[in-house]
2 protein chains.
Amino acid sequence: MSAESPLDTVADVLSALADPTRRRILDALAARGEATATTLAAQLPVSRQAIVKHLAVLDRAGLVAGHREGREARYTVLPARLGATARRMGRIAADWDGRLSAIKHLSESAPGTGPGTASGVEEPGTADGPGA
Amino acid sequence: MSAESPLDTVADVLSALADPTRRRILDALAARGEATATTLAAQLPVSRQAIVKHLAVLDRAGLVAGHREGREARYTVLPARLGATARRMGRIAADWDGRLSAIKHLSESAPGTGPGTASGVEEPGTADGPGA
DNA sequence: GCGATATGCAACCTGTTGGTTGCGCATCAC
DNA sequence: GTGATGCGCAACCAACAGGTTGCATATCGC
């Protein structure tokens with residue numbers, strides 16, 4: 001169910017988080033700890049079906065998990081992926097920072113090619129598990 | 001040009017980061033330190049105009065900045081916003097985590113309404129400037 | 001068993017967005 | 001001055017994503 005590479009993961013998390021409605025769903029979910037699509041729909045300005053779709057996206061991104069309880073499908077928020085993504089982004093920001101000053105220095109001595117390939121947002125740098 | 005509230009900012013950053021091409025642009029930009037749309041277009045599988053549009057989005061999100069140099073328009077990566085967003089996300093993840101265990105405890109003593117409103121992704125919790 | 005409630009699936013509509021091409025304007029090199 | 005290079009704007013396209021409605025199905029309460 002969840003055997004993605006960390007690269008795909010970061011992309012999924014980011015695009016999942018990019019939608020406002022999805023963020024509100026996460027918000028509501030975090031506030032109540034657990035909720036069904038129907039419950040959430042009652043509290044947000046969209047239909048239940050829309051919520052269902054969003055929950056599917058969030059699930060694929062590993063940000064929520066759901067389990068069936070009788071005739072209800074309850075969802076919970078999963079902090080791990082979000083934390084991991086946050087750390088990765090922080091690392092990239094730090095990397096940019098370092099690279100910027102490095103280049104600023106190099107520009108006076110070695111003009112040609114700057115530093116090598118970036119540890120970037122797209123290609124993996126350091127791998128870290130989703131562990132909190 | 002850049003007088004947004006930190007809330008809008010986080011949304012802008014996330015949706016800017018959600019696009020694969022945009023991430024590759026940031027990557028290339030971070031690697032070379034500085035580049036023009038034309039340069040980037042030569043190295044990515046999209047037209048120059050597409051790059052220009054993406055750079056505009058990234059600029060609005062505060063992730064890059066550009067300055068004109070003669071007939072060239074050079075762009076650089078800006079680490080600050082990315083770092084700030086990363087920290088905010090980390091904080092939210094921690095918040096979810098705390099809330100989850102709190103609820104798990106409460107479920108045995110006080111059933112009614114759980115904790116109050118979340119510090120969530122959508123509504124501001126703690127405000128921190130874009131400073132590194 | 002029977003009605004009520006909740007989920008799941010599918011079709012459908014519409015706005016946004018990533019992308020392209022074409023063209024006019026400014027700037028640099030000679 | 002003139003050609004080449006680079007940028008900016010506008011129009012246009014196609015695909016996807018968010019959202020809705022309708023319906024069939026499973027579970028709960030009595």
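Worth saying up front: this structure is predicted, and the values here are computed from it rather than measured. In what follows, chains carry the letters A, B, and so on, assigned in the order in which the sequence lines appear, proteins first and then strands, with residues in each chain numbered from 1.
B:Arg32 CZ to B:Thr76 OG1: the interatomic distance, rounded to the nearest 0.5 Å, is 12.0 Å.
In this structure, CG of A:Leu55 is placed 17 Å from P of D:dA17, rounded to the nearest angstrom. Going from atom CZ of A:Arg68 over to atom C1' of C:dT5 covers 12 Å, rounded to whole Å. Per the geometry, CG belonging to B:Leu17 stands 13 Å off P belonging to C:dG18, to the nearest Å. Atom-to-atom, CZ of B:Arg60 to P of C:dT16 comes out at 13 Å; the value is rounded to the nearest Å. C:dC23 atom C1' lies 11 Å from atom CD of B:Gln49, rounded to whole Å. Taking atom CG of residue B:Asp19 and atom P of nucleotide D:dA17, one finds them 11 Å apart after rounding to whole Å.
The two residues A:Pro79 and B:Ala93 come nearest to each other via the heavy atoms CB-O, 3.6 Å.
The closest side-chain heavy-atom distance from B:Leu78 to A:Leu100 is not below 4.5 Å. For the pair A:Arg99 and B:Val77, the minimum side-chain heavy-atom distance is 4.5 Å or more.
Using a 4.0 Å heavy-atom distance criterion, A:Ala73 is classed as a sugar-phosphate-only contact.
Close to C:dT20, at under 4.0 Å from its OP1 or OP2, lies a side-chain N or O of B:Ser47. Within the structure, a side-chain polar atom (N or O) of B:Arg22 is placed less than 4.0 Å from OP1 or OP2 of C:dG18. Contact check, B:Thr36 against D:dG6: no side-chain N or O comes under 4.0 Å of OP1 or OP2.
Nearest nucleotide to the side chain of A:His54, out of C:dG18, D:dG18, D:dC9: D:dG18. When each of C:dT20, D:dT5, C:dG18 is scored by its nearest atom to the side-chain atoms of B:Arg71, the top-ranked nucleotide is D:dT5.
With the nearest nucleotide of DNA chain C identified for both A:Glu72 and B:Lys53, A:Glu72 has the one nearer the 5' end.
Evaluation of atom-type donor-acceptor distances gives a pair under 3.5 Å for the side chain of A:Arg48 against the base of C:dG8.
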- [ ] I would like to know whether B:Arg23 and A:Leu14 meet side chain to side chain contact (heavy atoms under 4.5 Å, CB included); could you show each step before the answer?
- [x] CA-CA 11 Å; B:Arg23 284 194 300 269; A:Leu14 287 174; 4.3 Å; yes
